[in-house]
Amino acid sequence: MTQDTDYMQTEKTATLILDDGTVFRGFSFGCEKEVTGEVVFNTAMTGYPESLTDPSYAGQLMVLTYPLVGNYGVPARTFGADGIAAFMESEKIHADAIIVSDYSHEYSHWNAVGSLGSWLKEEGIPGIYGIDTRALTKKLREHGVMMGKIVIGGKKAEATDFGEYANVNYVDKVSCKEVITYGEGEGKKRVVLVDCGVKHNIIRCLLKRNVTVIRVPWDYDFNTLDYDGLFISNGPGDPDTCDAAVQNIRKALSGDKPICGICMGNQLLAKAGGASIYKLKYGHRSHNQPVRMVGTEKCFITSQNHGYAVDNDTLGADWEPLFINMNDGTNEGIRHKTKPFFSSQFHPEACSGPTDTEFMFDKFVELL
């Protein structure tokens with residue numbers, strides 16, 4: 001076992017205050033700074049390195065419901081020649097903070113190079129432990145996601161200045177700023193990847209299927225490019241802030257080139273097709289969401305991370321639901337009735353699992 005040396009020091013107290021004035025007190029094990037954000041909960045039992053580096057968590061304070069966190073440390077932050085992370089989902093931590101019940105100061109794992117606490121400090125991200133995450137999660141389930149603030153030490157926690165989440169274009173904050181090409185080669189099919197905050201395993205899954213990936217900024221007009229298929233990535237925040245992407249996708253819908261989307265990509269494809277989006281009470285963030293493929297008895301266990309959903313009742317006559325969530329009946333994907341356009345709200349590429357639905361990538365590449 002390797003011990004986090006910070007454990008030998010006196011830890012500062014840390015306080016989480018919600019926008020209704022509710023206070024949770026614990027201890028700091030990350031960067032000691034004040035931060036505000038939308039408080040959300042994730043029920044996955046593993047995968048905190050992947051979740052923290054998922055750009056979809058930008059602007060959020062992530063509560064992990066699994067009680068013991070940090071016991072397997074964090075892997076090396078190594079990148080391939082193409083800039084793709086070996087063990088993470090992006091170049092850095094995107095969640096604004098992590099909140100856990102019990103932080104393990106000792107870690108042991110074949111791939112660990114450091115502690116979760118030391119990594120948080122390196123990247124300037126607060127972490128709190130000693131919080132009653134069961135009570136906090138119950139509150140979020142009953143009330144819905146809330147804005148929250150973390151303060152360190154003896155500073156008085158006041159229910160003011162919680163910042164804003166709903167009207168911020170977080171996609172613009174996390175998307176690439178220039179066109180990046182991966183896996184270029186003669187004879188390969190060319191896939192445009194609209195980067196709304198793409199997880200690196202989406203790129204890995206496409207490259208593994210021997211295509212060239214042209215990664216473009218979220219608002220880039222890819223219709224001017226030569227490509228064989230369009231892929232729309234996951235991303236953070238409200239899809240209604242991404243109208244430029246919707247307009248570009250709508251142009252592509254007039255053609256017949258295959259289109260696939262994941263998470264935010266599902267919502268933007270739906271909006272381009274004329275559907276509406278609404279905010280869920282507390283979202284789906286876990287590794288164990290059951291979805292059923294519409295028209296079949298096939299059910300899959302999926303990994304999810306989203307706070308918004310497509311309104312099935314607003315889908316146009318040319319569209320239909322592809323998957324439905326078995327817990328609450330919400331939309332989990334759409335497809336066009338005649339053209340090769342389809343998407344999933346869940347993550348078929350989830351690097352920390354499950355991978356039951358990775359066939360979505362096979363279907364997309366087969367259509368190219």
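Only heavy atoms go into these numbers, but all of them, side chains included; no hydrogens, no water, no symmetry mates. Treat the numbers as computed from the prediction; the structure is a model and nothing was measured.
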Mind listing the closest non-hydrogen atom pair of [X] and [Y] along with its distance?
| X | Y | result |
| --- | --- | --- |
| L269 | S343 | CD2-OG, 3.7 Å |
| K149 | D161 | CD-O, 4.1 Å |
| A272 | I249 | CB-CG2, 3.6 Å |
| V100 | T133 | C-CG2, 3.7 Å |
| S233 | L193 | CB-CD1, 4.1 Å |
| G124 | C31 | C-CB, 3.5 Å |

Nearest 0.5 Å, please: how far is [atom2] in [Y] from [atom1] in [X]?
| X | Y | atom1 | atom2 | answer |
| --- | --- | --- | --- | --- |
| I93 | Y48 | CD1 | OH | 11.5 Å |
| I202 | L207 | CD1 | CG | 12.0 Å |
| K139 | T137 | NZ | OG1 | 12.5 Å |
| M360 | C260 | CE | SG | 5.0 Å |
| D19 | M146 | CG | CE | 4.5 Å |
| M264 | Y308 | CE | OH | 8.0 Å |

Looking at [X], I'd like to know if its [atom1] atom is crowded, meaning that more than 12 non-hydrogen atoms belonging to other residues, nucleotides or ligands lie closer than 6.0 Å.
| X | atom1 | value |
| --- | --- | --- |
| K138 | NZ | no |
| K339 | NZ | yes |
| M293 | CE | yes |
| Y72 | OH | yes |
| K177 | NZ | yes |

Just by distance, do the side chain of [X] and the backbone of [Y] share a donor-acceptor pair under 3.5 Å?
| X | Y | result |
| --- | --- | --- |
| D311 | S276 | no |
| S303 | P354 | no |
| D228 | K189 | no |
| S90 | P55 | no |
| R190 | I214 | no |
| S104 | Y107 | no |
| R285 | Y282 | yes |
| S175 | P217 | no |
| D318 | T338 | no |
| K199 | S51 | no |

Pairs where residues 80-101 contributes a residue and the test salt bridge (Lys or Arg N to Asp or Glu O under 4.0 Å) is met, not counting sequence neighbours
E89-R204
Between [X] and [Y], is any pair of side-chain heavy atoms under 4.5 Å apart?
| X | Y | result |
| --- | --- | --- |
| H347 | C263 | yes |
| P75 | P49 | yes |
| T241 | V168 | no |
| E332 | I324 | no |
| K208 | F361 | no |
| L315 | N312 | yes |
| L206 | F364 | yes |
| F342 | L367 | yes |

Verdict with reasoning, V291 to Q304, per side-chain contact (heavy atoms from CB on, under 4.5 Å)
CA-CA 11 Å; V291 305; Q304 302 194 14; 3.6 Å; yes
Are [X] and [Y] in one and the same hydrophobic cluster, where Ile, Leu, Val, Met, Phe, Trp and Tyr link if side-chain heavy atoms are under 4.5 Å apart?
| X | Y | result |
| --- | --- | --- |
| V213 | V192 | no |
| V35 | M62 | yes |
| I259 | L225 | yes |
| I334 | I277 | yes |
| L61 | V174 | no |

Carefully, step by step, assess R25 and T13 under the rule side-chain contact (heavy atoms from CB on, under 4.5 Å).
CA-CA 7 Å; R25 302 189 189 280; T13 57; over 6 Å; no
For the rings on Y129 and H105, is their centre-to-centre separation under 6.0 Å?
yes
Can you sort out the partners of H287 under ring pair (Phe, Tyr, Trp, His ring centres under 6.0 Å), two or more places apart, ordered by chain and number?
none
Partners meeting ring pair (Phe, Tyr, Trp, His ring centres under 6.0 Å) with F359 (sequence neighbours left out):
F300
Give the intermediate values and the outcome of side-chain contact (heavy atoms from CB on, under 4.5 Å) for residues F231 and I262.
CA-CA 8 Å; F231 205 101; I262 289 177; 3.6 Å; yes
Show your working on side-chain contact (heavy atoms from CB on, under 4.5 Å) between M88 and H200 and close with a plain yes or no.
CA-CA 8 Å; M88 305 288 189; H200 282 191; over 6 Å; no
Evaluate the ring planes of F29 and Y103, with Trp represented by its six-membered ring, and classify them as parallel (under 30°), tilted (30 to 60°) or perpendicular (over 60°).
parallel
How are the rings of Y227 and F222 set relative to one another: parallel (under 30°), tilted (30 to 60°) or perpendicular (over 60°)?
perpendicular
Please step through side-chain hydrogen bond (donor to acceptor under 3.5 Å, both in side chains) for the pair S286 and H284, ending with a clear verdict.
CA-CA 6 Å; S286 68; H284 299 156; over 6 Å; no
Please test D54 against N305 for side-chain hydrogen bond (donor to acceptor under 3.5 Å, both in side chains), starting from the C-alpha separation and ending with a verdict.
CA-CA 9 Å; D54 178 353; N305 175 17; 3.0 Å; yes
Run through L268, V171, L230, D219 and flag the one making a side-chain contact (heavy atoms from CB on, under 4.5 Å) with V194.
L230
I'd like to know if D243 and K271 make a salt bridge, using a cut-off of under 4.0 Å between side-chain N and carboxylate O.
no
Walk me through whether N331 and Q345 qualify under side-chain hydrogen bond (donor to acceptor under 3.5 Å, both in side chains).
CA-CA 7 Å; N331 177 271; Q345 187 60 57; over 6 Å; no
